[in-house]
Amino acid sequence: MKTTSVSGAALAAVSIFSSFAAAVQPLTVDGANFITKSSGNRFSIVGVDYQPGGSSGVTATSDPLSDPQACLRDAILLQRLGVNTIRVYNLIADINHDECASIFNAAGIYMILDVNNGFDNSYLDRSAPWTTYTNAYLTHVFSIIEAFAPYPNLLGFFSGNEVINQDSAVNAPAYIRAVTRDMKDYIAKNVARDIGVGYSAADVANLLSDTWEYLGCDLANSTSSKIDFFGLNDYEWCGDSSYMQSGYNVLVQQFGNTSIPVFFSEYGCNKVEPRTFTNVPVLYGDQMSVLSGGLVYEYSEDTNNYGLVNITTADEIHLLQDYGFLATQYAKLDENLLTSANSTATGQKPPTCDPSLITGAGFYNSWDLPPRPSGVDALISSGLSSANKGKTVSVTSTAMPATVYDYDGSQLNGLELTVLEEQDSNRPGLAGNYTPSTPTGTAAATSGSTGGSSSATRSSSGKASSTASQTAATSKGAAAPMFVSSGAATFGALLASLFLL
């Protein structure tokens, strides 16, 4: 497998961590809901797809969780935006991700990770999956699992992204179930906690229902091949659309009896500019409570013009109009709706796999899954012998390491990461006004005050670029200034609730 390394000098320049762990609480699944352990509340994904690129020097196949300084820069802006989850597409298993994963952990931001990338032996070829479903490929997949499983803010993995589309081989769905099976069996045998494995589906209306039915049904002789959650890449709401015009009502009807969490793994049509994200209050409103939120495509500006920010250099970044409009819409969200469990979906049982579930002509309707390649059973039984295993480390610097400009050109000063306590995840408005919540069964946390670029720690408790297996969405978007320089400067008070090292 081809690899990319980070120079020792670069890591030393941003050595902002100690060796002690920090942790959010891993999420659990109850039927169609993600659940926060400490409160028992539903967790709704308020997310952004994160694959920094453009003129900052990060290429489409670079690992975005390998540069701690960039991760701190972006985590601060994502936290201010109100994001609680990122999706990351292209990852390299043998790179050290500890500092980046820990930054997002400290910010209260979870990660959903794709196991495929664009390198040889690292993706499932949709047109001929049998040629890439190999021991070497699954070794790569298991290496990604090993590298990221120790991070408590890992929400789950995607076993595939848009592998099933009009260009895929007819039997591609069986290979997706096989990879899901292999991943879940490896996790069950070699990882100390449950980690969900899902699939991210293409925005192809005539394939969506069959993809969902094929991957989400119960298969008696391969129960582990059923996905644990389902992401759909949806770009149907453009401009000032509506619940009916966008087809959101059809999605609610289609997934109304889901037995697992369903969410938008990508959304944010840019056919109408700028993107004002008028769909956000609807997506998180009571009409769509069957869905568990979604992830906006995407964080940084690239050639497809879907960015929320423009990274001009490693230490200079500009907020785009879309960032401001999205923040405005996030600010309208009802926290009670975000955390209220969708009780009608918690008791649903998946259907038994049967050809009658498949309605589209030509869609694969056999669940005769391919056997594992030679040697893979042994890998699952014994685990990888020399895998890179991540660990959380403590964040000891929180100040913005880059110059940030608002859309109107004004410089934003005093930006800083708010380190959350382990019972809290990020949400809109929290970073600017954080008071630790009371963990279930415990007294309220005691806070101390500090200012400037103070050290902080969190105590432990436990589109994507186009590749042979992935296709980026195509089409452009850009809002009123989010901040003014004079109002963005005072972050010392925000650290009043942080633990000091």
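Predicted model only: the values in this text are computed from it and were never measured. Numbering of residues begins at 1 and proceeds along the displayed sequence.
At least one donor-acceptor pair closer than 3.5 Å links the side chain of Asn84 to the backbone N or O of Val46. In this structure a side-chain-to-backbone donor-acceptor pair under 3.5 Å is missing from Thr223 to Ala220. Under the 3.5 Å distance criterion, the side-chain polar atoms of Ser66 are matched with a main-chain donor or acceptor of Asp63. Judged by distance alone, with hydrogens and angles left aside, the side-chain atoms of Arg73 form no donor-acceptor pair with the main-chain N or O of Val404 at under 3.5 Å. Side chain of Thr258 to backbone of Ile260: a donor-acceptor contact under 3.5 angstrom is found. One N or O on the side chain of Glu301 and one on the backbone of Gly307 form a donor-acceptor pair closer than 3.5 Å. For the pair Ser300 (side chain) and Ile311 (backbone), a donor-acceptor distance under 3.5 Å is absent. No side-chain donor-acceptor contact under 3.5 Å links Asp424 to the backbone of Leu420. Using modelled atom types, no side-chain atom of Thr139 and backbone atom of Tyr137 make a donor-acceptor pair closer than 3.5 Å. Although no hydrogens or angles enter the test, the distance criterion places a donor-acceptor pair under 3.5 Å between the side chain of Asn135 and the main chain of Ser374.
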Go through Asp182 and Tyr133 one step at a time and tell me if the side chain to side chain donor-acceptor pair (under 3.5 Å) criterion holds.
CA-CA 11 Å; Asp182 301 339; Tyr133 181 65; 2.6 Å; yes

Step by step, work out the side chain to side chain contact (heavy atoms under 4.5 Å, CB included) result for Phe104 and Val88.
CA-CA 12 Å; Phe104 286 109; Val88 189; over 6 Å; no

Test log, rule side chain to side chain donor-acceptor pair (under 3.5 Å), inputs Ser200 and Arg87
CA-CA 11 Å; Ser200 177; Arg87 175 188 180 179; 3.1 Å; yes

Go through Tyr267 and Leu295 one step at a time and tell me if the side chain to side chain contact (heavy atoms under 4.5 Å, CB included) criterion holds.
CA-CA 6 Å; Tyr267 75 91; Leu295 299 118; 5.5 Å; no

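When all heavy atoms are compared, the tightest approach of Gly390 to Asp98 is CA-OD1, 3.2 Å. Nearest approach of Ser225 to Thr180, heavy atoms of both residues: O-CG2, 3.7 Å. The heavy-atom pair separating Glu421 from Pro436 by the smallest distance is OE2-CG, 3.4 Å. Residues Ile35 and Arg42 approach most closely at CD1-CA, 4.0 Å, considering heavy atoms. In plain terms, the two heavy atoms of Pro64 and Cys100 that are nearest each other are O-SG, 4.5 Å. Between Asn161 and Arg126 the shortest heavy-atom distance is O-NH2, 4.3 Å.
Judged purely by distance below 3.5 Å, without hydrogens or angles, the side chains of Gln51 and Tyr299 never pair a donor atom with an acceptor atom. Inspection of the Asp315 and Thr313 side chains reveals an N or O donor paired with an N or O acceptor under 3.5 Å. Residues Asn233 and Ser265 have side chains that bring a donor and an acceptor to within less than 3.5 angstrom of each other. Side-chain atoms of Asn388 and Glu146 form no donor-acceptor pair, as typed in the model, at a separation below 3.5 Å.
Residues Leu417 and Leu72 form a side-chain contact, since some pair of their non-hydrogen atoms from C-beta on lies under 4.5 Å apart. Residues Val83 and Tyr50 form no side-chain contact, since every pair of their non-hydrogen atoms from C-beta on lies 4.5 Å or further apart.
Under the 30°/60° scheme for interplanar angles, the aromatic rings of Tyr235 and Tyr306 are found to stand perpendicular. The aromatic rings of Tyr364 and Tyr214 are tilted relative to each other, their planes meeting at an angle between 30° and 60°.
Heavy atoms from other residues, nucleotides or ligands lying under 6.0 Å from CG of Asp368 number 12 at most. In this structure, Asp194 places its CG atom where only 12 or fewer heavy-atom neighbours from other residues, nucleotides or ligands lie under 6.0 Å away.
Paired with Trp212 under the rule side chain to side chain contact (heavy atoms under 4.5 Å, CB included), one option of Leu357, Leu207, Val262, Leu232 passes, and it is Val262.
With sequence neighbours excluded, the residues satisfying side chain to side chain donor-acceptor pair (under 3.5 Å) with Asp377 are Arg372.
Taking the six-membered ring for Trp and the full ring otherwise, the centers of Tyr89 and Phe158 sit at least 6.0 Å from each other. Separation of the Tyr110 and Tyr151 ring centroids does not fall under the 6.0 Å cut-off.
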